[in-house]
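As structure tokens, the structure follows; a few thoughts come after it.
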Amino acid sequence: MSSVLEVKNHLIIDIEGFEGPIDLLLSLARSQKVDLKEISVFELAQQYINYINSQAALKIDIAADYLVMAAWLAYLKSKLLLPDEPIDEEEEYTAEELAGQLRHRIQRLDAMKTASLLLFEKPIVNRDMFLRGIPEEFDEVTKLIYNASIFDLIKSYINRQDDRVPESISIFKLDYLALDNAKNLLSNIFQKISGWANFFRLVSENKYTENDRSIAASAFSVLLDMVNEQKAHTKQEKQFGEILIKKIGND
Amino acid sequence: MKKNFLTKLGLKSNVRVLNNDAVAEFDDLHIIEAIVFASREPIHIEYLLTKISKTDKAYLRELMDKLRAHYDNRGVNFEYNDNYCIFQTSPMIKAALVDEFEETRDLSKAAKETLAIIAYHQPTTRSEIEEIRGVSSSKGSLDVLLGYNWIEISGKKDVPGRPLVYKTTKKFLLDFNLSDINDLPKLSELRREGLLSGYEDSS
Amino acid sequence: MKKNFLTKLGLKSNVRVLNNDAVAEFDDLHIIEAIVFASREPIHIEYLLTKISKTDKAYLRELMDKLRAHYDNRGVNFEYNDNYCIFQTSPMIKAALVDEFEETRDLSKAAKETLAIIAYHQPTTRSEIEEIRGVSSSKGSLDVLLGYNWIEISGKKDVPGRPLVYKTTKKFLLDFNLSDINDLPKLSELRREGLLSGYEDSS
């Protein structure tokens with residue numbers, strides 16, 4: 001919390017719950033005991049300044065807002081004594097018009113305070129009276145209305161929002177030869193050969209991936225299946241010797 | 001005789017033609033009672049009109065008056081405004097129920113005033129609220145009111161900076177027993193006095 | 001905790017104070033009525049005994065009998081067994097009211113999160129949603145939101161697997177009072193308003 005706010009909270013607590021300069025002005029205006037529309041701004045300005053001075057004398061911290069208002073009121077007060085002419089160069093308001101604006105702001109705050117009292121003095125649901133606890137549904141309840149406001153959504157979003165959203169996703173290329181691909185590889189090979197041929201040399205000439213060992217393993221596994229299904233002959237002359245393959249029939 | 005009639009409700013329209021008005025009314029009264037009592041949400045009057053034997057607002061109003069009178073001195077009251085009906089516990093026995101059921105804690109003065117300002121000035125921005133209250137902070141109040149679902153963000157104002165604008169919700173009307181926003185206390189009086197607009201607009 | 005609420009009610013209660021027992025019974029009857037009405041589950045009789053003027057089961061039973069009789073021929077009935085009390089729509093009325101009935105519900109937390117993520121990240125895929133939510137299943141929520149027409153499938157993402165991408169619909173804008181998706185408040189704007197500060201810490 002900023003120091004300004006701390007000062008203000010301090011002030012609010014210390015001077016009888018006034019929430020800002022207009023609130024204080026309203027309180028002082030009520031003490032004039034006339035209709036707020038008829039309030040003497042000149043007199044009110046003096047009351048306000050006196051009040052702020054008395055608070056300063058008590059060595060209570062005064063927030064900037066209250067002091068700015070005091071300075072402005074002192075200025076307005078002095079101008080109200082002069083003939084009715086524009087005092088604000090930019091907007092050309094007369095002192096009396098500025099006083100009118102202030103009167104309006106005070107009345108407006110008063111109206112809203114009254115309205116809030118009126119609103120809250122009547123019975124309110126879930127404070128003074130309560131609704132059916134176990135709502136019943138009738139048969140064929142079909143229409144559900146979902147309650148959700150933007151604020152609900154934002155709350156949900158905030159609760160989930162974190163840094164886990166990746167900037168990008170990279171998927172590594174798989175470094176092995178799938179069996180289906182190995183089958184394609186072998187059928188290509190068998191189309192090219194007639195008679196006996198060196199299996200591993202043929203395989204290595206048809207690289208799919210960088211990993212020779214994976215190709216060899218997958219291709220050999222498919223070859224064994226083909227032998228099993230009597231689609232190919234194989235032979236190996238000696239231990240660790242070359243593996244030779246030959247097609248059976250014409251397909 | 002009453003029960004006999006009710007057992008035939010499955011054939012509503014056919015049966016009604018044969019029966020006299022008193023029976024239909026007995027029926028309609030209890031249909032309204034059942035529908036409204038069953039719900040936690042206020043029931044719209046137009047909906048009730050589709051459920052009773054006559055699409056007649058004055059007739060429905062008569063039945064609602066009867067229900068209100070019937071429940072007048074009970075622990076549960078039947079209430080209605082121009083649009084909605086609802087059953088709720090009687091405010092008079094609040095004390096026996098608050099421990100168990102109270103959901104709305106008492107709000108700060110600032111939050112109550114902020115709600116009033118939004119209700120009477122909507123749609124309005126945070127800086128307009130702060131201008132009226134003459135203070136520079138209202139975030140806590142807005143948070144609380146949003147949390148109660150009494151106000152909602154309804155977009156952005158078409159001025160530089162595009163600030164968010166706030167307005168009251170349907171739940172606000174329901175919880176505060178207002179038919180609609182024109183039902184706010186003293187609204188027309190405040191309008192007439194020019195207190196819901198800037199000084200310039202009013203003069 | 002035995003309270004005599006009617007004594008606080010001004011004139012009416014002054015008259016009734018003449019007969020204390022009758023006042024207490026009048027109170028007790030309505031307290032039972034209101035508590036059973038407002039409770040979110042069937043109310044245990046032992047609980048009611050703590051809320052009325054006498055801890056006396058026979059007396060409570062008498063009151064419950066009175067309530068049952070009072071509601072006997074109504075659209076709503078008061079029912080009880082040895083342990084619990086409850087209000088229920090009269091079975092005959094219930095049978096007659098077999099058609100559409102609106103009910104308002106809150107969206108599940110998962111659905112709200114999913115909708116928020118789609119709104120802020122659209123167009124987005126299911127796996128991106130699950131990544132943000134940190135859960136591996138969001139199909140149910142997507143189905144709910146699709147069913148409600150708040151989101152739609154707007155094509156496929158041009159990445160391996162070609163996952164479906166979701167975005168919000170016009171109905172979403174309508175239902176949430178947004179004239180344009182750019183009206184959705186940005187997080188930075190909400191922070192600037194000072195809202196939501198409490199929620200950041202709670203996540």
Side-chain angles (χ1 to χ4, degrees), chain A residues 2 4-5 8-9 12 17-26 37 63-65 69 97-98 100-138 145 147 149-152 154-155, chain B residues 34-35 37-41 77 86-91 94 97-98 100-107 109-110 112-117 119-121 131-137 146-147 149 151-154 169 171 174-177 184-187 190 193-196 198-200 202-203:
Chain A
S2 76
V4 173
L5 277 179
K8 262 198 249 167
N9 284 340
I12 287 164
F18 294 122
E19 296 190 53
I22 301 293
D23 193 30
L24 173 52
L25 279 167
L26 172 59
K37 277 175 249 174
D65 288 356
M69 178 60 82
E97 281 168 341
L98 290 175
Q101 286 174 14
L102 184 67
R103 222 180 265 123
H104 180 260
R105 286 192 73 187
I106 292 167
Q107 272 180 268
R108 194 172 54 172
L109 181 62
D110 182 55
M112 286 301 105
K113 279 175 173 289
T114 307
S116 88
L117 288 179
L118 290 175
L119 274 181
F120 280 90
E121 79 183 3
K122 289 192 299 179
I124 297 171
V125 170
N126 286 329
R127 187 189 73 177
D128 305 293
M129 56 230 190
F130 308 95
L131 307 177
R132 179 78 189 269
I134 312 173
E136 284 180 73
E137 293 178 1
F138 293 99
I145 297 171
N147 253 341
S149 67
I150 282 290
F151 187 66
D152 289 334
I154 294 162
K155 271 198 299 199
Chain B
I35 291 173
F37 202 100
S39 171
R40 192 174 163 76
E41 305 296 325
N77 301 148
I86 195 160
F87 272 106
Q88 57 202 17
T89 63
S90 162
K94 169 186 175 179
L97 306 183
V98 282
E100 198 69 17
F101 304 109
E102 188 177 31
E103 289 173 11
T104 305
R105 294 178 306 280
D106 208 18
L107 297 180
K109 216 170 99 191
K112 288 179 182 175
E113 288 173 19
T114 302
L115 180 62
I117 291 167
Y120 284 81
H121 291 82
E131 218 267 320
I132 292 171
R133 295 195 60 235
V135 298
S136 54
S137 172
L146 286 163
N149 257 326
I151 63 167
E152 64 188 1
I153 295 167
S154 74
T169 58
K171 185 165 190 298
L174 299 173
D175 284 359
F176 286 79
N177 280 301
L184 284 168
K186 292 191 165 188
L187 182 69
L190 294 178
E193 289 178 7
L195 289 176
L196 301 183
Y199 174 74
E200 252 101 3
S202 67
S203 60

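Just so it is clear: chains get the letters A, B, ... in the order the sequence lines come, proteins before strands, and each one is counted from 1. Side-chain atoms are counted along with the backbone in the values below, which use heavy atoms only and exclude waters and symmetry mates.
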Interface residue of largest heavy-atom contact number with chain B, from A/L131, A/L118, A/I22, under 4.5 Å: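 That would be A/L131.
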Contacting moiety of [X], where chain A heavy atoms sit under 4.5 Å:
{"X": "B/I132", "value": "both"}
{"X": "B/S90", "value": "backbone"}
{"X": "B/L190", "value": "side chain"}
{"X": "B/D106", "value": "side chain"}
{"X": "B/K186", "value": "side chain"}
{"X": "B/L174", "value": "backbone"}
{"X": "B/Y120", "value": "side chain"}

Geometric class of the B/F101/A/F130 ring pair [parallel <30°, tilted 30-60°, perpendicular >60°]: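 Rings of A/F130 and B/F101: tilted, 30 to 60°.
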Charged N-O contact under 4.0 Å between B/K171 and B/E152: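 The answer is no: the pair does not qualify as a salt bridge.
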Salt bridge (charged side-chain N to carboxylate O under 4.0 Å, His left out): pairs with one or both residues in residues 115-129 of chain A, sequence neighbours excluded: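 Only A/D128-B/K94 qualify under salt bridge (charged side-chain N to carboxylate O under 4.0 Å, His left out).
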Residues forming a side chain to side chain contact (heavy atoms under 4.5 Å, CB included) with A/P21, sequence neighbours excluded: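 For A/P21, the residues satisfying side chain to side chain contact (heavy atoms under 4.5 Å, CB included) (neighbours in sequence not counted) are A/Y48, A/D65, A/Y66, A/M69.
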Donor-acceptor pair, side chain of A/R105 and main chain of B/E131, under 3.5 angstrom: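 Side chain of A/R105 to backbone of B/E131, a donor-acceptor pair under 3.5 Å: yes, one is there.
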Any donor-acceptor N/O pair, A/R132 side chain to B/S39 backbone, under 3.5 Å: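 Absent.
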